[in-house]
Amino acid sequence: MTRLNNSPIGFFDSGVGGVTVFEQLKKLLPNEIYIYFGDTMNMPYGEKTPEQLLAFTKNIFNFFKSKNVKAVVMACNTTSAVVYEKIKDEYPFAIYPIIQPVTKKISQMPVKRIGIFATPATVNSHCYKTEIQKNNPDIDVFEIACPSWVTIVENGEEKTDSARLAVKEKMDEMLKFLPEKIVLGCTHYPYLLDVLSEFAPKDTFINPSVEVADIIKNDLWAKNLLNNQDMEGSEEFYVSANPEKFQKSASIFYEIKSTPALKNFI
Ligand code: DGL
């Protein structure tokens with residue numbers, strides 16, 4: 001095996017959202033070396049400009065480059081929608097966005113009406129709608145931005161009355177469109193699945209993380225980038241602010257054993 005195969009896989013998001021993807025890939029590939037970066041100082045990404053998002057991503061990618069990663073998972077729909085196309089060929093590692101691979105699968109589903117919950121920046125980009133209709137123009141796509149949901153999740157407030165109210169308001173709007181499936185188009189939203197399923201059956205919701213992890217695993221295999229599977233896996237977490245809060249809020253999906261290290265780029 002070359003040195004590259006045994007290099008780490010980077011993950012990043014504005015905060016705990018990407019943990020929903022990390023947790024899935026780690027289940028499939030437990031022996032890889034993982035480095036996760038949560039940009040908690042700059043969240044929510046969904047309310048930032050394309051220029052800001054590009055600058056954040058470049059800083060994070062340079063950090064991953066210094067760690068000699070073999071691949072980076074953009075475990076963030078917002079940067080997948082707004083930044084991926086601009087930088088996809090600029091780094092010496094494989095880059096995996098979330099939206100583009102998963103919309104191929106979604107557009108093959110036998111449904112005609114799909115709802116998307118996502119951040120304001122993702123909705124403004126219409127990336128989900130464009131990608132789904134590129135593969136299947138007969139599907140109607142209805143996109144709704146849910147700006148308050150990310151902060152609710154970062155604060156670990158999923159079980160509060162105000163979280164229920166925030167979810168109800170958007171579900172009321174969504175259900176008027178009569179969607180057959182609803183995509184959780186922000187990696188933070190699966191944390192709200194219990195509340196969401198008070199308003200529609202659980203299997204209405206698509207969590208792209210599950211599909212994406214499978215696609216990444218297959219692609220790493222195809223590129224001959226999987227490590228020696230007899231190696232012991234490891235993980236390191238970094239955040240740009242509030243490490244304890246990150247550790248606690250992420251625990252719904254994944255138990256992070258030691259407090260993340262602080263890392264920022266200013
Ligand atoms: N979790 C990210 C996403 O999937 C970013 C959310 C945010 O910070 O607004 O879009």
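Since the model is a prediction, treat every value here as computed from it, not as a measurement. Atoms within each ligand, like the ligands themselves, are counted from 1 in listed order.
- Classification of the Phe56-Tyr45 ring pair by plane angle, with boundaries at 30° and 60°, yields parallel.
- Screening Lys26, Lys217, Lys70 against Glu32 for a side chain to side chain donor-acceptor pair (under 3.5 Å) leaves a single residue, Lys70.
- By the salt bridge (Lys or Arg N to Asp or Glu O under 4.0 Å) test, Lys48 is found to be paired with no residue, residues two or more places apart in sequence or in another chain being considered.
- Not counting sequence neighbours, the partners of Tyr189 by the ring-ring contact (aromatic ring centres under 6.0 Å, His included) test are Trp149.
- The ring-ring contact (aromatic ring centres under 6.0 Å, His included) pairs that include a residue from residues 163-182 are Phe142-Phe177, where partners are two or more places apart or lie in different chains.
- Residues Thr78 and Thr119 have side chains that bring a donor and an acceptor to within less than 3.5 angstrom of each other.
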List, pair by pair, the atoms of ligand 1 and of the protein that are both N or O and lie under 3.5 Å apart, giving the separation rounded to 0.1 Å.
residue: ligand 1; atom: 1 (N); partner: Asp13; partner atom: OD1; Å: 2.9
residue: ligand 1; atom: 1 (N); partner: Asp13; partner atom: OD2; Å: 3.3
residue: ligand 1; atom: 1 (N); partner: Thr187; partner atom: OG1; Å: 2.8
residue: ligand 1; atom: 1 (N); partner: His188; partner atom: ND1; Å: 2.8
residue: ligand 1; atom: 4 (O); partner: Asn77; partner atom: N; Å: 2.8
residue: ligand 1; atom: 4 (O); partner: Asn77; partner atom: ND2; Å: 3.0
residue: ligand 1; atom: 4 (O); partner: Thr187; partner atom: N; Å: 2.8
residue: ligand 1; atom: 4 (O); partner: Thr187; partner atom: OG1; Å: 3.3
residue: ligand 1; atom: 8 (O); partner: Ser14; partner atom: OG; Å: 2.6
residue: ligand 1; atom: 8 (O); partner: Tyr45; partner atom: N; Å: 2.6
residue: ligand 1; atom: 9 (O); partner: Tyr45; partner atom: N; Å: 3.2
residue: ligand 1; atom: 9 (O); partner: Gly46; partner atom: N; Å: 2.7
residue: ligand 1; atom: 10 (O); partner: Asn77; partner atom: N; Å: 3.4
residue: ligand 1; atom: 10 (O); partner: Thr78; partner atom: N; Å: 3.0
residue: ligand 1; atom: 10 (O); partner: Thr78; partner atom: OG1; Å: 2.6

